[in-house]
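Computed from a predicted structure; not experimentally measured. Ligands are counted one by one from 1 in listed order, and the atoms in each one are counted from 1 as well.
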Amino acid sequence: MNTKHTRFIFVTGGVCSSLGKGISTASLGLLLEGHGYRVSLIKMDPYINIDPGTMSPFQHGEVYVTEDGAETDLDLGYYERMTNARLTRKNSVSTGQIYHAVIERERRGDYLGKTVQVIPHITNEIKKRIYDVATDDDLDFVLVEIGGTVGDIESIPFLEAIRQIRHDLGVARVLNVHLTLIPTITVAGEQKTKPTQHSVKELMELGIIPDILLCRTNRPLSADMKSKISLFCNVSERHVISAVDIASSIYEIPRMLHENGYDAIVLEHFGLAPTELSIPAWDSFMDALHDPQVTVRIAVVGKYISLQDSYRSIYEALGHGAVANRATLEIVRIDSEDIEKKHKLNVKGLFQKVDGILIPGGFGNRGIEGKIATVAYARKNGIPLFGICLGMQCTVIEFARNACGLEGANSSEFDPATEHPVISLLEEQEMIETKGGTMRLGAYQCDLREGTKARALYGRESVMERHRHRFEFTMRYRELFEENGMQCSGINPKSNLVEVVEVRDHFWLVCTQYHPEFKSKPTAPHPLFVGFIKAAIDSQKGKGAGSE
Ligand code: GLN
């Protein structure tokens with residue numbers, strides 16, 4: 001079934017969403033690694049979609065992509081950024097996947113003669129997925145975050161499955177953490193425990209006994225508060241932990257939780273000897289974060305700007321690049337549709353005070369011409385420009401129209417009848433009719449051409465980077481682009497597809513068809529983000545602008 005010693009930590013959420021379950025779970029992973037243990041993490045999402053790949057970022061935030069090409073919840077991004085766990089499609093589970101597997105088996109006849117039911121068939125499938133992650137490697141801990149809030153109808157099978165696991169393996173190998181909210185009534189300034197009491201009651205009705213209550217609060221809980229929560233929720237006082245709001249950086253959270261005793265209590269629960277926490281790489285990142293020398297302003301031009309989580313990994317990777325350059329990052333969010341409608345494609349005033357522009361990925365027509373106008377401005381004025389996926393495609397379109405004389409050039413995604421489809425579908429993609437999980441997904445090799453910025457920044461001949469797109473640079477235009485000053489600096493050696501382009505005579509204009517943001521970590525900032533931020537800082541000092 002599962003390895004002999006792997007221990008399981010289940011994290012549920014109470015009262016409401018957005019309490020930071022993903023970040024606190026990732027933080028615990030980091031802390032356990034800092035005590036010398038090997039961890040993996042699973043996110044279980046109660047929705048019926050197979051994965052978030054078919055959902056709008058407005059619904060769900062960013063779709064995070066793993067090395068093996070799974071389209072997953074953005075919490076996996078936090079897990080990978082904060083821990084050393086290698087995550088695959090096994091680490092992202094949804095109700096849709098569970099039912100899909102069970103129904104497929106039913107049709108095959110695997111359950112002949114039986115009635116297929118939530119208990120035990122669905123719950124067994126959930127348990128199997130959890131145990132599968134444990135058997136893969138010799139892991140000390142598997143942390144399982146249950147999406148949604150206790151009380152939601154759809155998360156009940158997951159809660160039942162974790163109840164059974166505790167029953168199967170015993171308390172010594174299973175820990176239940178409940179992340180909950182202790183709100184403060186603003187006028188009275190009083191902290192309230194009632195919502196937590198109700199949430200714990202609901203959990204207990206499902207047979208789940210929380211061992212630790214992680215209490216999200218705006219100020220540390222007093223001893224009195226802890227004893228009240230302890231009394232009503234049946235959790236020892238020491239196990240009521242303050243998870244205090246942190247306004248500055250989410251990366252403060254692991255140390256804050258450590259200082260409030262979280263990891264020590266987890267180790268104690270499992271009967272493991274207390275050890276000194278050792279996270280030197282993390283601490284040096286934090287030291288650099290606290291010691292900025294400059295401020296750098298980066299404009300992110302996209303159509304999902306209003307939602308924080310839509311470009312989560314982009315914002316994080318920019319932050320890592322900034323810290324690596326000892327800079328404070330200021331992000332200026334610009335809606336590409338506003339550029340079209342409000343500013344009538346006149347972008348000049350928008351970028352006066354920014355040091356660099358990033359155009360992230362996306363799908364569909366909306367806001368495209370705004371992005372293309374942005375590229376034209378950055379390219380002509382020597383402003384550092386980083387285009388990612390759709391951002392690269394817009395850059396290629398702009399360059400085709402304005403530097404190669406291909407009037408009306410476009411991507412066949414936006415204008416299927418264009419005379420110059422400089423971005424188009426490969427034949428293999430043209431044949432595909434279903435939408436879910438059929439893009440070019442996951443890690444592919446990219447060979448970097450000598451003498452290019454990309455090669456210099458990576459300092460390597462070849463890299464693996466993650467993809468999530470259907471459309472590609474159209475090969476027959478390559479020569480024309482090269483002649484006019486756009487280099488194809490990264491190529492996939494097997495398919496010959498263009499992975500990186502850069503404009504030779506520009507101070508810093510680099511675009512990737514892949515998503516480098518998914519591999520950037522605080523302790524290992526992505527070289528392209530580090531290079532981009534450095535270029536932005538240099539151009540602020542007057543070293544860059546006006547190259548054309
Ligand atoms: N819509 C483009 C494509 O499918 C870009 C995708 C993206 O930016 N992730 O190729």
Side-chain angles (χ1 to χ4, degrees), residues 51-67 69-72 74 77 300-305 307 309-315 317 335-337 357-372 374-375 385-398 400 409-416 418 421-444 446 465-475 477 490 492 495 497-501 510-520 528:
D51 59 44
T54 52
M55 287 186 221
S56 153
F58 283 127
Q59 288 273 313
H60 192 270
E62 147 191 294
V63 175
Y64 186 76
V65 180
T66 55
E67 204 71 359
E71 297 176 276
T72 76
L74 55 78
V300 175
V301 181
K303 68 174 172 179
Y304 311 115
I305 287 299
L307 196 79
D309 275 343
S310 301
Y311 302 118
R312 178 46 65 200
S313 294
I314 295 271
Y315 298 147
D335 187 331
S336 53
E337 254 193 310
I357 301 173
L358 186 147
I359 306 182
F363 297 84
N365 231 333
R366 213 155 43 80
I368 289 300
E369 291 302 325
K371 290 180 187 174
I372 293 172
T374 302
V375 174
L385 177 73
F386 194 179
I388 292 177
C389 208
L390 181 65
M392 165 172 143
Q393 297 176 354
C394 290
T395 304
V396 166
I397 295 167
E398 190 279 332
N410 216 327
S411 160
S412 54
E413 180 179 7
F414 316 127
D415 179 5
T418 175
V422 286
I423 303 290
S424 59
L425 278 185
L426 292 183
E427 230 171 88
E428 65 207 47
Q429 274 288 340
E430 266 174 12
M431 323 265 273
I432 292 174
E433 281 176 4
T434 52
K435 291 274 186 263
T438 55
M439 283 188 250
R440 185 170 174 229
L441 289 166
Y444 287 88
C446 167
E465 290 282 6
R466 300 182 195 174
H467 294 249
R468 182 172 183 257
H469 61 107
R470 280 184 212 287
F471 293 81
E472 305 282 353
F473 182 100
T474 312
M475 285 313 279
Y477 293 100
N492 178 308
S495 56
L497 291 170
V498 175
E499 303 278 27
V500 188
V501 298
V510 180
C511 300
T512 61
Q513 186 55 76
Y514 51 78
H515 290 268
E517 70 273 21
F518 293 142
K519 287 181 93 162
S520 187
L528 293 185

Query - Carboxylate-amine/guanidinium contact Arg312 Glu62, below 4.0 Å - result: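 Glu62 and Arg312: not salt-bridged.
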
Requested in this report: Considering only NZ, NE, NH1 and NH2 on the basic side and carboxylate oxygens on the acidic side, decide whether Lys519 and Glu67 come within less than 4.0 Å.
Outcome: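 Looking at Glu67 together with Lys519, the answer is yes, because their closest N to O distance falls below 4.0 Å.
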
Query raised in the report: Measuring from Ser424:OG to Phe471:CZ, what's the distance to the nearest 0.5 Å?
Result: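 If I round to the nearest 0.5 Å, the distance is 8.5 Å.
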
Query raised in the report: Of the non-hydrogen atoms in Tyr304 and Arg366, which two are nearest, and what is the gap between them?
Result: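 It is CE2-NH2, 4.4 Å.
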
Query raised in the report: What closest approach, in Å, do Met392 and Val498 show between heavy atoms, and which atom pair accounts for it?
Result: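 The answer is CE-O, 4.0 Å.
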
Report task. Just jot down the side chain to side chain contact (heavy atoms under 4.5 Å, CB included) partners of Phe363, sequence neighbours excluded, or say none. Result ->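 Partners of Phe363 under the side chain to side chain contact (heavy atoms under 4.5 Å, CB included) test: Glu413, Met439, Arg468.
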
Requested in this report: For ligand 1, list the protein residues that place a heavy atom within a distance below 4.0 Å of one of its atoms, sorted by chain and number.
Outcome: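 Close residues (ligand 1, cut-off 4.0 Å): Gly361, Gly362, Phe363, Cys389, Leu390, Gln393, Glu413, Arg468, His469, Arg470, Phe471, His515.
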
